[in-house]
Amino acid sequence: MLLEITGLTRYFGGLAAVSDVDMSVDKGEIVGLIGPNGAGKTTVINLISGFIPPTRGRIVLEGKDATGKKPHVLAAMGVGRTFQITPFFAEFTTFENIVASFYLSADKSIWRSILATREYRRREEEILKQAEENLQLVGLGSVRDELARNLPHGHQKVLDLATALAVKPRLLLLDEPIGGMGQEEMDLALNAIKKVRAQGTTILLVEHNVPVVMGLCDRIIVINYGRKIAEGTPSEVRKNEEVISAYFGGEYAA
């Protein structure tokens with residue numbers, strides 16, 4: 001098992017945004033995390049990625065305790081993530097943004113930089129090579145030299161995905177990866193996600209587009225008011241009466 005979570009709970013003041021959530025993600029899976037607005041989905045992602053600590057509970061990544069670890073520590077452990085609001089360097093090109101993402105884990109020795117040692121030059125060449133591979137993997141080659149601020153919304157979201165790959169994640173957390181996209185951009189993003197999964201990356205994603213989640217994910221976990229109310233295959237979740245009542249509103253009722 002790649003990710004195991006037990007009793008995950010997070011209070012903000014007296015409000016439990018996430019309450020006693022148990023869940024797991026196996027290697028190679030795409031697992032969807034869905035629920036109504038305010039259900040606690042992004043809070044779960046923030047807890048797993050270390051942006052906020054849990055009030056209680058345990059997070060285990062490949063057998064190692066990851067509970068409450070800082071984001072940079074979790075990145076080194078192989079956890080990458082994207083965001084609802086896409087962070088990027090607006091005046092950098094698409095490719096420059098991807099290159100910049102590698103410097104989170106690059107050798108920052110000032111003396112090697114000043115002296116341009118062989119090892120430093122080798123590392124720089126490797127970063128450029130890997131950045132080009134990630135650019136092509138997610139399908140952004142046609143906008144390689146476009147400034148990030150000029151990219152359409154969907155391309156910016158895919159750029160966020162490309163930069164998250166710099167840590168070579170074993171677990172990739174995607175927070176609304178196709179939110180606000182038209183069909184053409186959605187196809188670009190879904191193709192990129194499928195390619196990343198095909199390379200062996202495990203994915204946990206939050207997404208409101210139910211048809212996309214149903215078609216993309218191996219399993220789905222549903223939370224409501226911070227609590228897990230259902231888990232199963234897309235067909236199982238689609239027929240769950242509590243999920244229909246809380247989230248689908250009858251749309252997927254059998």
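The chain is numbered in sequence order, starting from 1.
- Proximity of a side-chain donor or acceptor of Lys228 to a complementary backbone N or O of Asp22 within less than 3.5 Å is detected.
- By the 4.5 Å heavy-atom criterion applied to side chains, Gln199 and Leu165 are not counted as neighbours.
- Counting only residues at least two apart or in different chains, ring pair (Phe, Tyr, Trp, His ring centres under 6.0 Å) contacts with residues 42-81 comprise Phe51-Phe83.
- A donor-acceptor contact under 3.5 angstrom links the side chains of Arg227 and Ser19, judged on distance only.
- Side-chain atoms of Val99 and Leu128, non-hydrogen and from C-beta on, do get closer than 4.5 Å to each other.
- Here the closest non-hydrogen pair linking Glu146 and Leu151 is CB-CD2, 3.8 Å.
- Listed for the Thr55 side chain is a donor-acceptor partner under 3.5 Å among the backbone atoms of Tyr11.
- Just one residue in the list Lys129, Gln130, Gln136 forms a side-chain hydrogen bond (donor to acceptor under 3.5 Å, both in side chains) with Glu133, and that residue is Lys129.
- At least one side-chain heavy atom of Ile48 sits under 4.5 Å from a side-chain heavy atom of Leu3.
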Check the pair Leu161, Leu172 against side-chain contact (heavy atoms from CB on, under 4.5 Å), reporting the backbone distance first and the verdict last. CA-CA 9 Å; Leu161 170 60; Leu172 182 59; 3.5 Å; yes
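- The pair Arg219-Glu236 does not count as a salt bridge, with every side-chain nitrogen at least 4.0 angstrom from each carboxylate oxygen.
- A distance-only check finds no donor-acceptor pair linking the side chain of His153 to the backbone of Gly182 [under 3.5 Å].
- Residues Glu62 and Lys27 meet the side-chain proximity criterion, which asks for heavy atoms closer than 4.5 Å.
- Side-chain contact check for Val18 versus Thr9: every heavy-atom pair is 4.5 Å or farther apart.
- The minimum heavy-atom distance linking Glu185 with Pro152 is given by the pair OE2-CB, 3.1 Å.
- Both Ile127 and Ile98 belong to a single network of hydrophobic side chains, linked directly or stepwise wherever heavy atoms of I, L, V, M, F, W or Y lie under 4.5 Å apart.
- For Lys41 (side chain) and Pro36 (main-chain N/O), a donor-acceptor pair under 3.5 Å exists by modelled atom type.
- In this structure, the separation between OG1 on Thr202 and CG on Asp26 is 7.5 Å, given to the nearest 0.5 Å.
- Remark: Asp20 pairs with Arg56 by the salt bridge (Lys or Arg N to Asp or Glu O under 4.0 Å) rule, at least two apart or across chains.
- Atom NZ of Lys157 is separated from atom CD1 of Ile85 by 9.0 Å, given to the nearest 0.5 angstrom.
- Under the 4.5 Å side-chain contact rule for hydrophobic residues, Ile30 and Val44 do not share a cluster.
- Closest of all the heavy-atom pairs between Ala189 and Pro177 is CB-O, 4.2 Å.
- Side chain of Arg144 to main chain of Thr94: no donor-acceptor pair is present (N/O by atom type, distance under 3.5 Å, no hydrogens or angles).
- Note that the OG1 atom of Thr42 and the CD atom of Glu176 stand 6.0 Å from one another [nearest 0.5 Å].
- By the rule that hydrophobic residues join a cluster once side-chain heavy atoms approach within less than 4.5 Å of another member, Val21 and Val222 end up as members of separate clusters.
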Could you go through the side-chain contact (heavy atoms from CB on, under 4.5 Å) check for Leu159 and Thr86 one step at a time? CA-CA 8 Å; Leu159 174 58; Thr86 309; 5.7 Å; no
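- Atom CG of Asn97 is separated from atom CD of Gln156 by 9.5 Å, given to the nearest 0.5 angstrom.
- A distance of 11.0 Å separates CD in Glu242 from CD1 in Ile244, rounded to the nearest 0.5 Å.
- Within the 4.5 Å cutoff, side-chain heavy atoms of Arg81 are placed close to those of Asp175.
- For the atom pair Phe89 CZ and Ser101 OG, the distance stands at 9.5 Å (nearest 0.5 Å).
- Around CD of Glu184, the count of heavy atoms belonging to other residues, nucleotides or ligands within 6.0 Å does not exceed 12.
- Nearest heavy atoms, Leu8 versus Pro54: CD1-CB, 3.8 Å.
- Across all their heavy atoms, Ala66 and Met77 have their closest contact at CB-CE, 4.2 Å.
- When side chains are defined from C-beta on, Val213 does not count as touching Pro234, because their heavy atoms never get closer than 4.5 Å.
- Residues Leu171 and Leu74 fail the side-chain proximity criterion, which asks for heavy atoms closer than 4.5 Å.
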For the pair Leu47 and Ile52, evaluate side-chain contact (heavy atoms from CB on, under 4.5 Å) and give the outcome as yes or no after the intermediate values. CA-CA 5 Å; Leu47 289 166; Ile52 55 175; 3.7 Å; yes
Should Val237 and Tyr247 be marked as a side-chain contact (heavy atoms from CB on, under 4.5 Å) after you check the CA-CA gap, both sets of side-chain angles, and the distance that decides it? CA-CA 11 Å; Val237 168; Tyr247 187 47; over 6 Å; no
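- Nearest heavy-atom pair, Thr67 versus Gly57, reported as atom, atom and distance to 0.1 Å: CG2-O, 3.5 Å.
- The neighbour count for Phe12 CZ, taken as heavy atoms of other residues, nucleotides or ligands under 6.0 Å away, is above 12.
- Taking hydrophobic clusters as Ile, Leu, Val, Met, Phe, Trp and Tyr residues chained together by side-chain heavy-atom distances below 4.5 Å, Ile193 does not share a cluster with Leu173.
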Apply side chain to side chain donor-acceptor pair (under 3.5 Å) to residues Arg10 and Thr43 and explain how you reach the verdict. CA-CA 8 Å; Arg10 171 67 194 203; Thr43 301; over 6 Å; no
Donor-acceptor contacts under 3.5 Å from residues 204-211 side chains, at least two apart:
from   : atom 1 : to     : atom 2 : distance (Å)
Glu207 : OE1    : Ile178 : N      : 3.2
Glu207 : OE2    : Asn209 : N      : 3.2
His208 : NE2    : Asn37  : OD1    : 3.3
Asn209 : OD1    : Val212 : N      : 3.1

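- Both Met181 and Met214 are part of a single hydrophobic cluster, where members link through side-chain heavy atoms under 4.5 Å apart.
- Checked options Val143, Thr82, Leu188, Thr163; the residue passing with Val158 is Leu188 (criterion: side chain to side chain contact (heavy atoms under 4.5 Å, CB included)).
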